[in-house]
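A quick write-up on the structure given underneath.
These numbers come from the heavy atoms of this one structure, side chains and all, not from hydrogens, waters or symmetry mates.
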Amino acid sequence: MTSPVAVQTDRETVRTRGATLDIKNVALTFPTAAGPRPALERVSLHVAPGEVVSIIGPNGSGKSTLLRVIGGLLRPDQGEVFLDGRPVDGPDAEIGIVFQDPRLLPWRSVAANVTYPLELAGWPRDRRLARLAEVLALVDLEGTEFARPSQLSGGMRQRAALARALVLEPRLLLLDEPFSALDALTRERFNLELLDLWSRTAASIIVVTHSIPEAIFLGDRVVVLSSGPGRVVADIPVDLPRPRRIEALDDAAVSPIARTIRQHLAET
């Protein structure tokens with residue numbers, strides 16, 4: 001991936017290709033030794049095609065749990081999740097997920113890790129290799145095909161995880177603090193690269209973050225969750241123009257939007 005000063009986008013193109021997501025009254029409780037622990041409470045959310053939605057909240061607010069429910073990895077006790085009008089009742093090829101930990105298989109090469117979803121989907125070898133070349137170019141990992149995860153930097157491992165999430169061309173991409181382990185400068189660059197990637201893949205994106213400036217910089221909206229059990233306490237539009245420039249990260253930290261987010265977080 002390149003590191004452009006500004007990210008060019010065509011919003012009309014984006015909005016014709018991304019998926020529509022509807023979360024309706026989702027609730028989930030985990031059983032624990034100390035008794036039931038509610039994680040989510042009546043969460044409802046709509047994401048338009050091609051929209052980037054940032055989710056922020058205190059520790060224990062159910063942010064990661066919500067992403068797993070959206071991705072079909074957890075079943076809610078109540079409520080439903082719909083992707084383009086159809087219920088999500090398990091893992092879905094049109095939903096890609098990138099976790100905070102890259103979760104690469106250490107005994108597999110980059111190529112084998114990235115193409116693993118294609119293997120499971122029954123793609124023949126020639127098609128897997130062709131798609132591998134495309135997606136490695138997309139995330140700037142050409143030439144790493146035979147490397148093992150232990151031979152990569154933290155940033156490169158996260159790129160490989162992102163490539164794996166994109167290999168089936170999902171229309172919804174879920175990102176669970178994917179850059180939190182990176183240093184500040186690398187994280188800034190990755191934020192720009194993520195927007196560049198969004199402009200080219202046109203997927204709808206939900207990104208979980210603890211960073212208020214990052215949430216504002218990336219999102220069309222910032223959704224604030226309460227402390228557990230998580231519920232939506234604010235849904236704040238971001239009126240920053242696109243393409244977004246790196247300077248906007250500094251502006252976001254002291255913007256009226258940031259003050260509004262801090263106020264809602266303080267009240268949870």
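- In the hydrophobic clustering of ILVMFWY residues, with side-chain heavy atoms under 4.5 Å counting as a link, Y116 and L162 come out apart.
- In the displayed structure, F99 atom CZ is contacted under 6.0 Å by more than 12 heavy atoms of other residues, nucleotides or ligands.
- Put simply, the side chain of L138 reaches to within 4.5 Å of the side chain of R200, judged on heavy atoms.
- A salt bridge links R159 to E193: one of the charged nitrogens lies within less than 4.0 Å of a carboxylate oxygen.
- R157 CZ: more than 12 foreign heavy atoms inside a 6.0 Å radius.
- Grouping the Ile, Leu, Val, Met, Phe, Trp and Tyr side chains by contacts below 4.5 angstrom, directly or via other members, places V224 apart from I70.
- Taking a 6.0 Å sphere around CZ of R75, one finds it holds 12 or fewer heavy atoms contributed by other residues, nucleotides or ligands.
- For the pair L104/R164, a side-chain contact is recorded, criterion being any heavy-atom separation below 4.5 Å from C-beta on.
- I23 is not listed as a side-chain neighbour of V69, based on a closest heavy-atom distance of 4.5 Å or more.
- The environment of R262 atom CZ is dense: over 12 non-hydrogen atoms of other residues, nucleotides or ligands sit within 6.0 angstrom.
- Between E80 and K24 there is no salt bridge, since no side-chain N of the basic residue sits under 4.0 Å from a carboxylate O of the acidic one.
- By the 4.5 Å heavy-atom criterion applied to side chains, L195 and R242 are counted as neighbours.
- With a 4.5 Å cut-off on side-chain heavy atoms, V232 and S44 do not count as touching.
- At least one side-chain heavy atom of D235 sits less than 4.5 Å from a side-chain heavy atom of R221.
- Only one option out of L21, L173, L175 pairs with I206 in a side chain to side chain contact (heavy atoms under 4.5 Å, CB included); it is L21.
- L73 is listed as a side-chain neighbour of I97, based on a closest heavy-atom distance under 4.5 Å.
- Under the 4.5 Å side-chain contact rule for hydrophobic residues, L67 and V43 share a cluster.
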